[in-house]
Structure formats: structure tokens, C-alpha cells
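These numbers come from a predicted model, not from an experiment. A, B, ... follow the sequence lines: proteins, then strands. Residue 1 opens every chain.
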Amino acid sequence: MSAAATTHDHAHDHAHDDHAHGHHQQNFVWKYIFSTDHKTIGMQYGLTGLIFLLFGFFLMLLMRWSIAYPGVPVPAIETIRALPAIGDLFEAMFGRWLNADGSLNGELYNMLGAMHGTIMVFFGIVPLGFAAFGNFVMPLQIGTIDMAFPRLNMMSYWFFFISCVLMMYSFFVGTGPVQTGWTMYSPLASTANIGVTSVWNHGHTWWLTAMVFNISASLLGSVNFIATIINLRTKGMTWMKMPFFCWAMFVTAFLLLLAFPPLEVAAILQLSDRVFGSSFYLPTGLMEGGKHLDISGGGSPLLYQHLFWFLAHPEVYVLILPAFAILTDIIPCNARRPLWGYKSMVYSVLTLGFLSFLVWAHHMYLTGMGTMMSTYFQITTVLISVPSVILLTCMMISLWGGSIRFNTQMLFASAFLPMFGIGGLTGLPLAFAFIDLALHDTYYVIGHFHYVVAPGTIFALFAGVYHWFPKITGRFMNDKLGKWHFWPSLVGMNLVFAPMFIQGMAGFHRRWYDGGKYFENTSGFTNWSTTLTHKIGAFFGFDIPDNMLSLNIVMSIGAFILALGQVPFIINFWFSIKGGKKTTSDNPWDATTMEWATPTPPPHGNFLFDPVAHRGPYEYSVPGHGTDFYPQWESEPGKPETNPAADKVLAHH
Amino acid sequence: MDIPYTVHARPDTGLYNAKIGIWLFLASEVMLFGGLFSAYIFLRVGADYPWPVHDLDVTLGFVNTVVLIASSVTVVMAWACLKMRKFGWYRINMAITVLCAAVFMINKTLEYKAKFAHYAVKLTDGTLLTGHLPHGYQIKFDGVTELSLSVPVKKSAVSADPVGYVLPFIEGDAPKFKTEDGQEITLDQATFASLAASAVEKAKAANKGSASIKLVAATPVKFAAKPSEIFGYTDTTITFRDGTTATGKLVDDKMTLEVDGVDARGVAQSEKSLAFDHRYLGEAWQKAFVSNRDHHISKFEKDYPTRDKSKSATLQKEALFFKLHSATPPAEGEAHGEKHGAEAHAPAEHGGGHGEAHHPTVVLEKKDITFFSNFTPKLNTYYAIYFTLTGLHGAHVVVGALVLLYFLVFDDKRLKKDPEHLANRVEVGGLFWHFVDLVWIFLFPLLYLL
Amino acid sequence: MADNIEAIQKSVKKYIAIGALLIFFSGLTVALSYIELPTHGLNILVGMILATIKAALVALIFMHLNHERSTIYKILAFTAVFAIVLFVLFVLSHDDPLTFSGFYSPVDR
């Protein structure tokens with residue numbers, strides 16, 4: 001509040017005072033830790049999500065080292081181990097599993113792989129995209145003072161926090177974290193390390209418990225989002241005047257609400273299999289290590305896959321829809337053009353949400369579930385590409401004829417479009433069972449979904465951070481550092497993920513911890529990309545062999561570039577909070593949606609006047625209007641709303 | 001500054017916030033139980049054993065159904081009374097609701113408790129014996145003189161066992177052991193840990209992959225452990241789950257079972273079931289079994305002359321799942337007193353203590369047992385889904401009752417100041433309560449009756 | 001929503017009557033489950049129809065779904081569709097009508 005007071009006119013200060021009278025002074029704990037304010041909760045989610053994103057990325061760097069240089073000690077491993085505190089932490093989490101010479105083995109690689117997936121999906125992107133941006137921006141955009149259930153909102157974050165703690169704790173238990181991939185397929189996941197005598201020594205147990213908390217958190221969050229959007233839209237904010245951001249969050253919340261419970265069921269049943277010895281996912285006569293397991297049998301691994309993918313496919317859209325949401329604010333704002341095809345986008349996103357529940361088993365063509373099921377799921381899978389393409393196309397057309405401002409967030413946003421396009425188009429072949437049978441579990445699949453999620457969603461999330469940072473802190477992030485963040489990220493992402501398509505079609509399996517070293521004979525053939533790698537290596541004086549394995553080195557260099565690219569972002573983020581250039585107005589980007597009508601940063605209660613939505617959310621370059629934007633909240637051209645909300649609010653009592 | 005529409009409905013949607021919230025939550029709950037029910041269907045369609053029908057206590061289940069329906073009525077009455085501002089009746093109705101929840105949970109506890117004490121043993125020929133283990137079941141070793149275990153130097157996920165896992169299985173006080181160096185020690189958690197540490201140090205110095213500890217007992221010790229706690233055993237050695245091996249002599253691995261049922265549905269020729277071997281139930285029971293079976297088959301032929309006998313699961317169960325009600329075989333002719341298996345597990349409530357006269361006792365040899373479990377999720381997928389469904393449902397009952405109890409006891413201020421708001425809260429809590437009832441409406445027939 | 005007092009007063013009797021009807025249906029379900037129909041599948045069908053009627057009574061009367069707002073109906077309609085998808089498609093993956101093959105041979109249970 002104090003930052004706002006110094007930068008804003010007198011009317012604001014006055015209103016702040018009014019509003020402070022109504023509230024007893026909050027101390028630090030209630031204001032920042034157990035806060036019920038949607039903006040604080042959004043920031044809590046955001047910071048936690050960013051930290052986990054970085055952590056998940058670090059896991060990936062270790063994996064990439066093992067793939068490119070199998071059997072070679074991790075660089076500077078002795079230095080890391082010698083560091084005070086960090087060294088011990090590293091030793092307890094990863095170091096204890098390393099080979100004696102400091103290189104990675106399959107066991108550690110599997111842990112890293114499983115936890116990379118879990119953390120990125122459930123602890124990085126969903127909290128950041130849905131919970132952080134949704135919590136901060138959505139109530140502001142629909143012009144309300146807070147979420148419908150502020151205390152549930154707080155509980156949602158703290159459930160999430162507990163799940164983070166439990167998930168991190170699984171690194172420290174006896175068996176280490178799970179090793180069975182983020183999908184946790186049974187029967188492997190039901191029986192892995194089951195010989196270990198204490199249930200609480202299993203990373204699996206902690207994974208499953210953590211997920212139960214995580215699911216409860218997203219359940220509370222999604223109930224809150226939907227109830228808020230249905231019931232707390234401000235005056236004039238009809239459904240079709242609502243920014244697309246809120247529509248996308250609305251659909252995402254529904255996906256979380258209805259798709260997560262089956263995963264909870266899957267987790268509970270698997271926990272029962274592990275702890276109580278039941279056989280939900282264990283077929284009759286299952287043997288392990290030449291011994292019949294002490295189980296009754298009668299279950300089916302297929303059940304797990306159904307329950308899991310019933311969540312996990314909608315989950316993909318939970319990852320991507322917040323990205324679309326963020327972009328539909330950034331692209332019109334920086335192209336100074338209305339969003340093209342708003343209505344068709346709204347209907348597309350609703351269709352997308354509906355269809356996403358009906359496509360899950362395209363992850364399961366290889367299970368032998370039958371041709372009729374495969375046929376059905378091929379049809380729905382191809383159908384769902386239609387609304388996705390509409391969304392992407394609308395955003396591309398929105399650029400047409402605009403006067404684009406290439407600030408950092410717009411760079412990320414415009415890079416998203418082709419990157420997501422590549423990710424989406426490479427997914428089409430996978431929709432067909434006969435192609436999927438060949439490509440299943442190869443790097444082709446990894447490349448496909450990482451193009452959607454990494455340079456796709458994560459770019460959009462970065463764009464969102466740059467876009468709303470001035471609203472949150474009252475200061476801009478540095479544009480030059482932003483560009484130093486963007487370009488290495490773009491190059492790094494493509495160097496990491498593009499070669500995966502080539503390797504994948506050559507048959508590289510996704511779980512080779514040594515990057516295919518032991519399959520050198522089968523993967524030794526060459527093509528233009530490997531020859532290019534060889535020649536470029538030779539130019540710099542390196543001897544990179546001319547075969548498929550050399551692409552591993554390309555990808556790992558890409559990952560390294562990507563890592564370096566994040567340094568400017570981290571510096572930029574922390575320094576700009578206190579040292580960035582101050583904003584001179586509440587609406588620094590000249591945007592039209594309602595979050596920019598609030599003081600900066602928005603106080604508890606958000607608005608200083610009762611906001612009314614007078615027009616659609618994307619009124620840029622309206623012919624005949626004085627400025628090139630016409631905000632939703634302005635009743636007449638150029639006239640600011642001044643009537644303070646304080647007395648209006650009394651009407652609610 | 002308050003959130004709008006917490007008490008009164010928003011005009012255009014016609015709903016107050018909490019009502020949207022609870023319906024969304026219930027939608028999510030529908031998917032939760034939907035997932036569980038689809039798991040039920042999936043498991044039942046794919047089951048490779050006769051799916052238990054009427055195996056649970058139907059009377060108890062029916063009582064619980066009535067109790068839940070009654071509580072559903074009272075909770076909606078409580079809301080109506082609050083709306084009409086009849087505060088006394090509101091309190092009475094709420095109290096009855098919470099009381100009903102308590103009765104439901106007590107019944108549930110009784111039902112679960114009986115299941116935990118009741119066992120099923122699968123013999124090698126597919127026969128399933130049900131009954132009680134009066135003495136539990138343990139593998140017993142005597143005269144153990146040597147104890148050896150290997151501790152891997154490099155940590156690996158499969159060797160994450162706590163040190164000293166075997167200690168609780170030693171009978172008697174902390175025993176005295178001698179180490180390889182001739183050192184005399186008393187074996188407890190602390191000495192075990194230091195032994196392991198020094199062994200690992202030594203192995204590291206010698207550049208070996210694993211360290212081994214060998215202990216010799218000063219006086220022979222006894223071990224007793226449940227089958228789930230050991231990895232395997234022979235006549236002279238026993239290996240525990242953490243890899244510790246003890247050398248001694250196998251004393252007892254037989255299972256004493258008070259049989260209250262013989263399920264021969266998994267046997268090709270039911271009268272030749274291993275259960276009627278002369279070591280076990282013997283010929284007299286076999287006769288009783290056969291006469292009971294033939295009685296049910298001929299009755300079925302008479303009642304339903306056109307139907308295929310092999311396709312009636314009920315007949316299979318009545319004819320081949322034979323219940324034992326006395327310690328000795330009944331005389332000719334009085335064997336088939338009961339028409340239905342409804343009260344199948346009623347005897348379970350007796351426990352071990354005073355049931356000695358009711359059932360014959362057999363001593364089963366280890367080589368004849370392929371699998372055994374009490375009636376818990378481990379037994380088969382039916383009991384697994386039964387415990388999961390009813391357990392989760394029970395958790396919902398408890399949570400719902402606690403919420404209603406909170407409204408009844410701690411929300412008096414709101415009752416006096418803002419009864420309309422409390423009515424909304426009771427309505428929302430009631431909606432959840434009705435949902436719990438609604439789930440039970442499906443659970444009861446699916447698990448108890450069909 | 002029956003918000004006026006008279007309407008609520010009237011509905012009190014209705015609640016008790018519905019409660020009695022529900023208990024009656026429960027008894028009927030128990031009784032019918034002991035009758036041996038030509039296949040056990042028919043028993044299951046009859047039991048599930050009765051359970052559905054009971055569930056509908058609870059939802060419509062006790063949960064006031066007989067006069068609720070359209071928003072709630074929309075939410076529940078989507079949920080119902082997805083729940084049915086959950087039931088049907090899981091089972092279909094057991095055996096395959098197109099090739100008459102599957103994991104398990106269909107057994108009459």
C-alpha cells in the first residue's frame with residue numbers, strides 16, 4: 001500500500017485511509033502468510049511455482065548430463081559436495097545415489113525423470129499458470145473485490161504447500177523418490193521396492209500422499225474460481241463481455257474440478273495396493289524376481305491407466321489453457337488490435353474443455369485395449385485438434401495489421417505461436433493408433449509434448465510475469481535483460497527439443513538413462529542433422545561422431561544455453577521488485593481490461609470505485625475514439641471514474 | 001467491505017455463493033465416487049473368482065440404510081424449521097441427524113471389526129477355507145545360533161531397511177551375541193547400528209561392495225515372525241524381509257484354523273476337495289457337504305427346471321460354499337437347515353475366546369496353503385473395493401456430521417443474529433449430507449445384495 | 001427454491017412421506033435380491049433401477065433439484081455425461097465387439 005501511496009494522486013490516498021479504518025491493522029503473518037486476499041495468495045502460488053519450475057529444470061540438467069555423457073562424472077561434483085549446507089543437501093537428495101566416480105546410474109536417472117515430470121506438471125506449471133495468474137488477475141478482470149470463498153482460497157494454498165513439503169520430503173526417505181515415471185504405472189509402481197520393510201521408507205507412499213493433498217488444493221481452488229466467475233462478476237460484466245482470460249480460467253477450473261477426482265481414486269487405490277496389500281492393479285499370478293507375490297490378484301493394470309489418463313489428458317489442457325489465457329491479454333494489448341474472433345474462441349475453448357474428457361485413452365493404444373476403443377479415441381482425438389487450431393489461428397490473425405510493440409512479453413507471446421504450432425502439429429500423427437504404435441515411448445513423444453508445454457506454456461507464463469509485474473509491484477522489469485532472457489531461451493528450447501523428433505523417429509526410447517549408448521550399433525546411422533552436428537563440432541575443434549548419439553550432445557548444449565538464459569530473468573525479477581523503473585500510471589501498457597483500473601499495487605478490496613463494464617474487453621484502435629484503447633471501465637471517452645467505492649461498499653452490509 | 005451474495009442470492013443467477021460452491025464440490029464428489037464405482041464395475045466384470053453376493057451382514061447394512069435415510073429426513077427438516085424460525089425443532093432435528101451419523105459409524109465399526117478377525121485360507125487345489133485363527137499364525141524357529149546379514153556399502157533404493165529389523169522377532173529378553181572379533185554384546189537397536197557402521201567402514205577400506213556382519217549367539221535364541229515379515233525359510237534357515245538370515249531349526253509353520261466354511265467353488269470335483277483330506281476335516285464332513293450340495297441342486301432342479309445349473313451363481317454358492325455350524329458333523333438329514341447364506345459371517349463376531357465348541361479345528365500344513373488373509377483388502381478385489389468404498393463413504397459421514405455438529409453447537413450467535421445466513425449454511429451442509437445418503441443408496445445394493 | 005414460509009410448511013409432510021417411501025424401497029430391494037431371476041444380471045438391473053429411483057427422490061426432493069436454477073442443472077449435466085463416460089468406456093475396454101476378442105472372455109455373472 002505504501003508504494004501506491006507515493007506514486008498516486010490524492011484521491012487514492014484518501015480512499016486508502018478510508019478503507020484502513022474499516023480494518024484492524026494486520027500484522028505480517030496475517031497479511032503475507034495466512035492471507036485471504038486473492039492477490040497475496042496468487043503471489044504465494046506464483047513464487048512457489050517459479051521455485052519449483054527452477055528445481056524441476058535443475059533435475060532435467062542432471063538427466064541431460066547423463067544422456068549426453070553417460071558414465072562421466074557430473075562436472076564439479078566434488079566442489080558441490082564440499083559446499084557448506086548445499087553440499088549436504090545435494091548429498092542427501094541426489095549424491096547418495098551417484099556411482100562411486102560421481103556419474104549417474106539408472107536408479108538416480110529414474111528418480112530424476114519421475115520427479116521432473118511430477119514437479120513440472122503438478123508443482124510448477126499448474127500452480128503458476130492456473131493458481132497464480134488466475135488468482136491474481138481473474139477477480140480483478142471481472143471487477144470484484146475478492147474470491148467468493150477467501151478462506152477456502154487460503155486453505156487451497158496451504159494444502160498445496162503441504163503437498164510440496166511431502167513431495168520434497170520423498171527425496172530424503174530410504175528409497176528416495178519414486179522411480180516409476182510421473183505416470184506411476186502399476187503394477188511396477190504398486191510393487192517397486194515393496195520389499196523394503198517400512199511403508200514410510202518408500203518414496204511412493206509420500207508421492208501418493210502428496211498427490212492427495214495436491215488434488216484437494218486444486219479442488220478447493222477450482223470451486224472458488226467457478227463460483228467467483230458465476231456469481232461475482234461486476235455490473236455490466238455479462239458473459240460475453242468477459243475477457244477471454246476469465247473464460248479460459250473458467251474452463252480450466254472445470255477440468256480440474258471434474259478430472260482430478262479419478263486421479264485421486266487412482267492414487268487411493270494404489271496406496272491401498274502398497275499399504276494394505278490389495279490387488280486393484282495386480283493381475284492374478286503376477287511374479288516378480290521368479291517368485292509369486294503374496295497377493296490375491298484379480299485386478300488389472302488397465303484400470304490404473306484408465307483412471308490416471310482420465311485426469312492426465314484434461315491435465316494437458318490445464319497446462320495449456322492458462323497460456324492461451326495470458327496470451328489473449330498480451331497479444332491484443334501489444335498489437336493494439338482487438339482480439340480476432342472472440343466469440344469463436346469462447347465457443348472453441350468450451351468445446352475443447354468438453355472434448356478433453358473424451359480423448360484420454362489415446363495414451364493407451366499400446367495396452368491392447370481393443371480396436372473399437374482405439375477407433376473411438378482416434379476419432380475424438382482428431383476432433384479435438386479443431387478447437388485448438390481455432391484458438392491458435394485467432395491469435396495469429398489478431399496480429400494482422402497491428403502496430404506491434406515488441407517489448408519482452410510480446411516477444412515471448414509471439415514466439416509462443418510457432419512453438420505451440422510445432423508442438424500441436426507433431427501431435428497429429430500420434431493421434432493415429434498405427435503410427436503411435438511405432439512412436440510410443442520414443443523421444444518423438446517427448447519432443448511433441450515438450451514443444452507444447454516448454455516453449456509453449458512456459459513462454460506464455462514468462463510473458464505473463466513481464467506483463468503483470470508493473471501491476472503487482474508498481475515497477476517495470478528491465479526490457480534489455482528481458483531480451484537477454486528471451487533470445488537464449490528461444491535458441492536453447494529449440495536446440496533441446498527439435499532433435500528429439502529426429503531421434504524419436506530413429507527409435508530412441510525415452511527411458512534410456514545413457515542416451516542409447518548401449519544401443520550404439522542400432523542407432524549408429526546418420527542423416528543430415530548428425531552430419532551437420534559433426535561438421536559444426538569439427539569447425540570448433542571438437543570430435544563429435546557422425547551418428548544419432550551426437551544429437552544428445554546438441555540437446556545438452558541447448559539445455560545449458562537455456563540454463564544460462566534464465567540467469568538474466570532471475571536477476572531481473574528480484575532486482576526489479578525494488579530497483580525497477582517506476583510506473584507512471586496505473587495502466588502502463590494502455591490496456592483495456594479491468595485489472596488496470598485499480599491502484600498500483602491493488603489494495604485489499606481492489607477497486608477505488610464500483611467498476612462497471614461498459615463494453616467488450618478488447619476495444620483497441622476503435623475508429624473515432626481519441627486514444628487507441630477504450631477501457632472497459634470508462635463510461636465516457638477519457639473520463640476517469642472517481643466516485644470512491646468506500647460508501648458504495650457500505651450498501652453491501 | 002464484504003464479499004457480495006453470501007446471504008442473498010444474486011438476482012441474475014438466483015444463487016448465493018455457497019450454493020454454487022457446494023454443488024460444484026458435489027459435482028467433483030460425483031466424479032470421485034464415479035471413479036470408484038467404475039473401478040467396481042471394471043473389477044467385477046474382470047473378476048476371475050466368484051464375486052461374493054450376500055456375503056456381508058445384510059441386516060446391519062439395512063439398519064444403516066434406514067438410519068441414513070432417517071438422518072436425511074431430519075436434516076432437511078432442520079433446514080425447514082430454521083426457515084420457519086422454529087429454533088427448538090431445528091435443534092432437535094440437527095441433534096437427531098448427528099446421532100444417526102454416530103449410530104451409522106458404530107455399526108460400521110462392528111462390521112469392520114468382525115472382518116479383521118475372520119480369515120480365509122486358500123489351499124493348493126483352490127479350496128477356500130474360512131474361519132478363525134485362535135493363536136494367530138507365526139513361523140517359529142528355535143535353537144538359533146547364528147545370525148548373518150549383509151549391509152550394502154553403496155546405498156540403493158532396495159536396501160533402505162532400518163537397522164535392527166529382526167530385533168522384535170526375538171522371543172525373550174535382549175539376547176547376548178558374540179561378534180566375529182570375539183566381542184560379547186547385548187543385541188539392541190544401538191549396538192546393531194554401531195555394528196553396521198563399523199562393518200561398512202571395514203568394507204570400504206577393503207574396497208568391497210558389501211559389508212557382512214556375522215553374530216554367534218551365546219545361548220540359542222527363539223524367533224517367531226509372521227509370514228509377511230519374512231522373505232523365505234527352509235528347515236534350517238530363515239531369511240527376514242530385510243535380508244537378515246538366521247540359522248537354527250524350524251519348529252512350527254503349521255496353521256491352526258477353526259473352520260466355519262468350506263468354499264469348493266474353485267475345485268473341479270468339489271467332493272474331492274483337499275479340505276476333506278483325512279488330515280483335515282475328514283470323511284464325515286465330506287458326507288455332510290455332499291448331502292448339502294445334492295440337496296440344493298435337486299431343489300434348484302425342482303424350482304427352476306428350465307435353467308442351466310452351471311450358470312446360477314446363487315446355486316453355485318449355496319451348493320458349494322458349505323457353512324459349518326457345529327464342532328462335529330451333523331447327523332444325516334439335519335445338514336441343510338438354512339435356506340440362504342444371508343447370515344454367513346455372523347459367527348465371526350464371536351472372536352477366538354468362547355467359540356471353541358462351534359467349529360471343528362484343523363491344523364493345516366504349510367505346503368497345502370497358497371494364500372491366506374483376513375477379510376481385509378488383501379483377500380480379493382471385492383473386499384478391496386468394499387473397504388475402499390465404505391471407508392471413503394464413512395470418512396464423508398464423519399466429516400458431514402462434524403460440520404452439522406459445528407452448526408448446531410458453535411453457531412448460536414448466527415442463529416440469533418442472522419438466522420437466514422445460518423439457514424443457508426445448514427442447507428449447504430444438508431446438501432452434502434444428502435449426497436452421502438445418495439452414495440449409500442448405491443453402495444448398499446452393490447456391496448451387500450447384488 | 002421454496003422460500004416462502006407456507007411452501008416450506010407444506011413440504012415438511014412431503015419430506016416425511018418421501019423418507020418412508022425410501023425405506024420401503026430399501027426393504028423392497030433387499031427382498032428382491034433374494035429372488036432368483038433367470039440371470040443374476042437381471043437381479044442387478046432391478047436393484048439398480050430401484051436404487052436409481054431412490055437416488056432420484058433424494059436428489060429431487062431433499063436436495064431441491066425439482067426447482068433449482070439453470071446454472072446448477074448445467075453443471076450437473078456435464079458431470080453426469082463424464083461420469084457415464086467413466087462407467088461405459090472402462091468396461092468396453094474389457095472386450096471388443098469389433099473383433100470379438102478381448103482380455104477376458106465374457107462370463108455371465
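Panel note: side chain B:D263, backbone B:L128; no donor-acceptor pair is recorded below 3.5 Å. A side-chain donor-acceptor contact under 3.5 Å links B:N424 to the backbone of B:V7. At distances below 3.5 Å, not a single donor-acceptor pair connects side-chain atoms of A:N201 with backbone N or O atoms of A:T175. With hydrogens and angles ignored, the 3.5 Å screen pairs no side-chain donor or acceptor of B:R414 with any backbone N or O of B:D418. Looking only at distances, no side-chain donor or acceptor of A:R96 sits under 3.5 Å from a matching main-chain atom of A:M93. At least one donor-acceptor pair closer than 3.5 Å links the side chain of A:T205 to the backbone N or O of A:V199.
Heavy atoms of A:L269 lying under 4.5 Å from chain B belong exclusively to its side chain. Of the atoms belonging to A:L257, heavy atoms from both backbone and side chain fall under 4.5 Å from chain B. Proximity to chain B involves both the backbone and the side chain of A:F280, based on heavy atoms less than 4.5 angstrom apart. For B:L379, the part lying near chain A is the backbone, with the side chain staying farther off; criterion is any non-hydrogen pair under 4.5 Å. Heavy-atom distances place the side chain of A:F254, and not its backbone, under 4.5 Å from chain B. Looking at A:L258, both its backbone and its side chain come within 4.5 Å of chain B, counting heavy atoms on both sides. Residue A:H306 touches chain B through its side chain alone, counting heavy-atom pairs closer than 4.5 Å. Both the backbone and the side chain of A:L303 come within contact range of chain B, with heavy atoms under 4.5 Å apart. Using a 4.5 Å cut-off between heavy atoms, B:I22 makes no contact with chain A at all. Heavy atoms of B:Y16 lying under 4.5 Å from chain A belong exclusively to its backbone. Using a 4.5 Å cut-off between heavy atoms, B:T376 makes no contact with chain A at all.
Heavy-atom neighbours of A:F276 CZ from other residues, nucleotides or ligands within 6.0 Å: at or below the threshold of 12.
Per-residue counts of heavy-atom pairs under 4.5 Å with chain A were compared for B:E229, B:M31, B:R10; the largest is that of B:R10. Comparing A:L219, A:D146, A:D294 by heavy-atom pairs within less than 4.5 Å of chain B, the highest count is held by A:D294. Counting heavy-atom pairs closer than 4.5 Å to chain B, the top-ranked of the candidates A:T228, A:L108, A:L282, A:T284 is A:T284. Chain A forms more heavy-atom pairs under 4.5 Å with one residue of B:D12, B:L24, B:I20 than with any other, namely B:L24.
A cation-pi geometry, defined here as NZ or CZ lying under 6.0 Å from the six-membered ring centre and within 45° of its normal, holds between A:K291 and B:F231.
Closest non-hydrogen pair, A:L220 versus A:L152, comes out as CD2-CD2, 4.0 Å.
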Quiz prompt | Check against ring-ring contact (aromatic ring centres under 6.0 Å, His included), B:Y119 and B:Y137 | solution = CA-CA 11 Å; B:Y119 283 80; B:Y137 180 50; 9.3 Å; no

